[in-house]
Structures are given as structure tokens and as C-alpha cells.
Q: 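Right, I'll just put the structure down here and ask away after.
In what follows, chains carry the letters A, B, and so on, assigned in the order in which the sequence lines appear, proteins first and then strands, with residues in each chain numbered from 1.
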Amino acid sequence: DAGITQSPRYKITETGRQVTLMCHQTWSHSYMFWYRQDLGHGLRLIYYSAAADITDKGEVPDGYVVSRSKTENFPLTLESATRSQTSVYFCASSVQRDTSPLHFGNGTRLTVT
Amino acid sequence: QQPVQSPQAVILREGEDAVINCSSSKALYSVHWYRQKHGEAPVFLMILLKGGEQKGHEKISASFNEKKQQSSLYLTASQLSYSGTYFCGTEPTGNQFYFGTGTSLTVIP
């Protein structure tokens with residue numbers, strides 16, 4: 001089906017391990033975003049991308065790495081997971097900046113033990 | 001950079017009205033509104049562009065005052081299905097899209 005999909009839906013990992021969260025969209029949207037959602041903090045921007053091979057930091061990028069070699073994929077990697085990275089992660093995409101809605105994936109619930 | 005929303009939480013009875021406010025410290029070109037139900041992803045409601053045009057979505061409407069860098073979401077004759085957390089979203093600089101702090105809305109019978 002067309003849309004934006006995230007995988008896995010749930011992930012439990014140990015402190016210090018590397019974890020990659022996947023995001024795939026079928027609309028060929030230019031813009032893609034990663035957010036984390038924690039109680040009391042709402043949705044905070046981690047990284048975003050305006051096009052393939054163009055990425056930039058958001059509010060809370062420390063400890064995360066992204067890449068975008070293809071328009072449709074925007075994986076998020078936690079290089080060495082910490083307990084503070086336990087969160088729900090949402091990927092989103094949009095056609096244009098500012099004037100187009102963001103379409104969200106279903107989220108990945110990550111627990112770091 | 002994150003817009004501030006008020007109130008943080010509100011409880012309504014079915015049929016009552018509510019207003020949710022969103023305020024930014026940066027100049028804005030547009031404001032988005034989203035609703036998120038528990039355990040689900042945020043869902044787009046509407047976008048307001050510069051010009052103060054009021055948009056509507058069934059019984060939910062919004063306004064945008066770019067001079068004051070504020071937007072308000074109006075929910076009239078609330079229904080149980082309106083329950084959720086409402087977020088405004090703005091893009092004050094570059095391509096970074098920020099969400100507000102969120103307003104939890106609970107509609108009770």
C-alpha cells in the first residue's frame with residue numbers, strides 16, 4: 001500500500017548497542033523528518049531532510065545519525081543507545097516545506113534497557 | 001523555537017466549545033494543526049497561511065494572526081471523537097518544522 005511505513009513497531013535493546021529505525025515512503029515526497037515523542041516534551045525534531053543526500057540537524061540530534069541515499073528511505077541510527085533515548089519515534093514526510101501537511105508513520109516504540 | 005500552546009489540558013462535556021492557542025516567538029509564514037489520539041500517530045487537520053484566513057474542518061476551525069505570531073483552534077459543539085492531543089506546528093527557520101507543546105483535550109458524555 002502507498003504511504004509511509006516505519007519498522008520495527010517495537011524494539012527493545014540494551015545500552016550501548018547500535019539500533020537502526022527504518023522509514024520508507026512511497027509518495028516521493030521531498031521532505032522527511034524524524035521526531036521523538038516523550039511525555040511532557042511533545043514532538044521534538046531530531047533530523048530532517050529536504051531531498052536525497054541533504055540532511056540537517058533538528059533540536060535534539062545528539063546520539064543520532066541519519067542518511068538519505070534514496071528519496072524514499074530515511075533511516076535513523078542510534079550509534080550507542082542510552083536509556084534517555086527510550087521514546088516513541090515518528091517519521092514524517094511532506095511534499096513541500098511550510099505549505100504541505102506532514103504525513104506520519106505509525107511510530108516505533110524503542111526501549112533501551 | 002518550539003511554539004507554546006495553552007491551555008495544557010482541558011476537559012469538556014459533549015456539546016461544549018473550546019479554544020486552543022498557539023504562540024511563537026518567531027515570525028511565521030504558516031501554522032499547521034494536528035490531532036493525535038492515544039497510541040496513534042498525529043493526523044493533519046489544517047494549514048493556515050499568512051493573511052489571517054480562517055480555515056474550517058467540520059466543526060473545527062482556526063485563525064492565524066501573523067503579526068502577533070499566534071494561532072487559535074476553535075472546536076465547537078465538541079463530540080467524543082474530538083478527544084486527543086492537539087498540536088500546532090510551525091516552521092520559523094529554514095526547513096525545520098517544530099511542534100507546539102500540545103494540548104490534551106478530553107470530551108466526556
Q: In terms of heavy-atom contacts, does CD1 of A/I54 have more than 12 from other residues, nucleotides or ligands at under 6.0 Å?
A: yes
Q: For B/I108, does the CD1 atom have more than 12 heavy-atom neighbours from other residues, nucleotides or ligands under 6.0 Å away?
A: yes
Q: Please report the interatomic distance CD(B/Q36) to CG(A/L43), rounded to the nearest 0.5 Å.
A: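 Output value for this atom pair is 6.0 Å.
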Q: Flag yes if A/V19 and A/M22 sit in one hydrophobic cluster, no otherwise; membership is Ile, Leu, Val, Met, Phe, Trp, Tyr, and two members link when side-chain heavy atoms are under 4.5 Å apart.
A: no
Q: Would you list the pairs meeting side chain to side chain donor-acceptor pair (under 3.5 Å) in which at least one residue belongs to residues 3-14 of chain B, sequence neighbours left out?
A: B/Q5-B/T103
Q: Can you name the ring-ring contact (aromatic ring centres under 6.0 Å, His included) partners of A/H103, sequence neighbours left out?
A: A/W27, A/H29
Q: What residue, out of B/G89, B/A41, B/P42, B/G39, has the most heavy-atom pairs lying under 4.5 Å from chain A?
A: B/P42
Q: Going by ring-ring contact (aromatic ring centres under 6.0 Å, His included), name the residues that satisfy it together with B/F99, two or more places apart in sequence or in a different chain.
A: A/Y35, A/F104, B/Y34, B/F97
Q: Taking everything shown except A/R17 itself, do over 12 heavy atoms lie less than 6.0 Å from its CZ?
A: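 For A/R17, atom CZ is not crowded (no more than 12 foreign heavy atoms under 6.0 Å).
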Q: With chain B, which of A/R44, A/Q37, A/R109 has the greatest number of heavy-atom pairs at distances under 4.5 Å?
A: A/Q37
Q: Should the heavy atoms of other residues, nucleotides or ligands under 6.0 Å from CG of A/L39 be counted, would the total exceed 12?
A: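 Check fails, neighbour count at 12 or below.
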Q: Where is the tightest heavy-atom contact between A/L102 and B/H32, given as atom of each residue plus distance?
A: CD1-CE1, 4.4 Å
Q: Taking only heavy atoms into account, what residues of residues 55-63 of chain A are found under 4.5 Å from chain B?
A: A/K57, A/G58, A/E59
